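Following: one structure in structure tokens, then a few remarks.
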Amino acid sequence: MGDWSKLQHDLLELIAQQHLTKLEDYVAFGAVCTSWRAAAAKRKNFKGLQLWQQIPCLMLAESEEENDNHREFYSLIEKEIVAKISLPKLKGKKCYESLGWLLAVGQEGDMTLLNPFSDVEIPLPPGTTFPDNDWLNTDPEIFVEIFVLSARPSETSDFVVMLVCGSVGYLAFWRQGDQNWTKIETHNAAYSAVNYHNGQFYAIDCTGTLVACDVSEPNPTKARMLTQLVRYSEESYRDQHLRDYHSNLIVDFKHLYIVLESSSSDKESLLVVTRDNYSHYADDDDQPNYGTTEFKLYEVDLSGGTWKEIHSLGNKAVFVGHSASTSLEVSSNKFSLPGIQPNHIYFTDDCWEAYKSIQEVTGGKDMGVYNLETGTIQPFYQGPRRLSNISPSIWITPKF
């Protein structure tokens with residue numbers, strides 16, 4: 001048999017242009033060897049690239065079989081598993097996603113960035129280099145809560161990795177060339193979410209305080225407060241009891257997400273999404289139950305620091321979970337994204353507080369799509385149940 005890796009590059013590009021229309025085509029083509037993967041990765045050669053790079057896939061939890069290193073990818077477009085990729089570097093590791101890249105966290109504190117479609121890997125400083133060595137006081141599987149990239153490492157070397165991490169939920173970042181992680185010193189309460197937009201990282205803590213920080217500034221460890229999502233004034237709180245205070249926190253005991261939005265107006269805004277899915281105990285049960293019951297949306301005007309509750313995403317859809325939260329425009333006069341419903345929130349299971357405390361494996365059971373108009377939840381994945389308390393299923397937007 002001939003050596004397929006020695007086919008002329010022009011011929012490989014011609015084959016790619018004629019046959020690569022789906023994600024599974026790309027995976028199979030690129031798996032042959034490095035030269036085939038390079039031909040597939042060129043935008044002009046992958047006819048389906050533009051569509052596939054807009055709509056997240058579901059990377060299913062790892063197999064329970066010890067010797068199975070494959071991860072499967074479920075498409076909302078095709079409504080089936082469209083790719084199965086050997087990823088031994090992810091075995092037994094907690095995974096988070098941002099801009100098509102995965103953060104893989106190992107049991108011993110090792111941390112890497114990995115593009116599962118190109119197999120490019122970037123080592124990061126280990127957990128022992130975090131400030132105060134907080135790794136020693138936290139379960140490695142839950143040390144990192146949120147992971148966000150400022151840019152794709154495949155497109156620039158000038159990117160920043162930002163994490164919400166540690167036993168007290170602080171912000172820490174890493175840039176190319178750093179030997180350690182750097183902590184954002186501004187910390188009023190445990191941070192619950194972070195995202196990146198136009199040179200700024202935006203984060204919100206468990207009291208609803210929203211901050212912004214620019215790590216390229218001379219003093220990168222300081223953040224500035226933008227607003228706080230509460231129903232009372234700070235002055236009025238001084239005359240209230242703690243119980244009244246908690247009743248006024250709109251984010252209290254909720255999972256939070258920050259979704260950056262593009263706006264046609266002069267105002268820049270972001271969405272704070274709250275999710276009711278924290279664990280609770282039934283009277284006759286000694287183990288917690290959990291599951292999503294409701295989402296709410298709050299729009300924040302970044303220029304004025306004002307906020308308001310909104311009740312619709314319009315023609316957009318939002319994706320949340322152990323991935324960087326994203327918003328997609330589902331339809332317009334020029335296009336329509338197949339398989340995605342507007343005014344819906346697609347969510348995966350990120351309630352580690354619950355599934356880490358339950359004896360049986362349940363991580364990944366709380367997935368679905370939430371209809372903001374009706375308040376109902378429907379499944380989006382119809383395949384065999386895949387659960388993992390270490391690395392449950394997550395969204396990933398393919399980037400090549």
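The residues of the chain are indexed from 1 along the displayed sequence. Not measured: the values here are computed from a predicted model.
- In this structure, CG in Leu163 is found 13.5 Å from NZ in Lys183, a value given to the nearest 0.5 Å.
- Under a 3.5 Å cut-off, the side chain of Ser98 and the backbone N or O of Leu149 do form a donor-acceptor pair.
- Remark: side-chain polar atoms of Trp174 are not paired, donor with acceptor, to backbone N or O of Pro125 under 3.5 angstrom.
- In this structure, His187 has its ring center under 6.0 Å from that of Tyr191.
- Ring centroid separation for the pair Tyr370 and Tyr346 does not come in under the 6.0 Å cut-off.
- Using a distance-only test at 3.5 Å, with no hydrogens or angles considered, no donor-acceptor pair links the side chain of Trp307 to the main chain of Asp301.
- Looking at Asn343, its side chain never comes within 3.5 Å of a backbone N or O of Ser312 through a donor-acceptor pair.
- A side-chain donor-acceptor contact under 3.5 Å links Arg71 to the backbone of Leu60.
- Scored by the side-chain hydrogen bond (donor to acceptor under 3.5 Å, both in side chains) test, Asn198 finds Glu268 as partners (sequence neighbours excluded).
- Although no hydrogens or angles enter the test, the distance criterion places a donor-acceptor pair under 3.5 Å between the side chain of Thr227 and the main chain of Gly305.
- With hydrogens and angles ignored, the 3.5 Å screen pairs no side-chain donor or acceptor of Thr112 with any backbone N or O of Pro123.
- Under the 4.5 Å side-chain heavy-atom criterion for ILVMFWY residues, no single connected hydrophobic cluster contains both Val148 and Leu256.
- The salt bridge (charged side-chain N to carboxylate O under 4.0 Å, His left out) check on Asp350 picks up Arg275, with sequence neighbours excluded.
- For Lys89, the salt bridge (charged side-chain N to carboxylate O under 4.0 Å, His left out) partners are Asp119, Glu121, not counting sequence neighbours.
- Between the CG atom in Asn69 and the OG atom in Ser86 there is a gap of 5.5 Å [rounded to 0.5 Å].
- Heavy atoms from other residues, nucleotides or ligands lying under 6.0 Å from CG of Asn180 number more than 12.
- Between Tyr74 and Tyr381, the ring-plane angle classifies as perpendicular under the 30° and 60° cut-offs.
- Side-chain atoms of Asn371 and Thr376 include no donor-acceptor pair closer than 3.5 Å.
- Side-chain atoms of Asp178 never come within 3.5 Å of backbone atoms of Trp181 as a donor-acceptor pair (strictly under, hydrogens ignored).
- In terms of heavy-atom proximity, Ala61 sits nearest to Leu387 at CB-C, 4.2 Å.
- Residues meeting the salt bridge (charged side-chain N to carboxylate O under 4.0 Å, His left out) test with Lys93, sequence neighbours left out: Asp110.
- Residues forming a side chain to side chain contact (heavy atoms under 4.5 Å, CB included) with Ser323 (at least two apart in sequence, or on another chain): Glu97, Ile394, Trp395.
- A donor-acceptor pair under 3.5 Å is formed between the side chain of Tyr96 and the backbone N or O of Val144.
- Between Tyr257 and Phe295, the angle of the ring planes lies from 30° to 60°, which puts this pair in the tilted group.
- With Tyr290 as the aromatic partner, Lys365 meets the cation-pi criteria of under 6.0 angstrom to the ring centre and within 45 degrees of the ring axis.
- For Glu72, the side-chain hydrogen bond (donor to acceptor under 3.5 Å, both in side chains) partners are Arg386, not counting sequence neighbours.
- A donor-acceptor pair is defined here as one N or O able to donate and one able to accept, closer than 3.5 Å; no such pair exists between the side chain of Asp68 and the backbone of Glu65.
- Taking NE2 of His255 as the reference point, atom CG of Asp366 lies at 9.5 Å (rounded to 0.5 Å).
- No side-chain donor-acceptor contact under 3.5 Å links Thr156 and Asp158.
- Between atom CD of residue Gln228 and atom CG of residue Asn188 there is a gap of 9.0 Å, rounded to the nearest 0.5 Å.
- Summarising the geometry of Leu229 relative to Val300, their closest heavy-atom pair is CD1-CG2, 4.3 Å, with the distance given to 0.1 Å.
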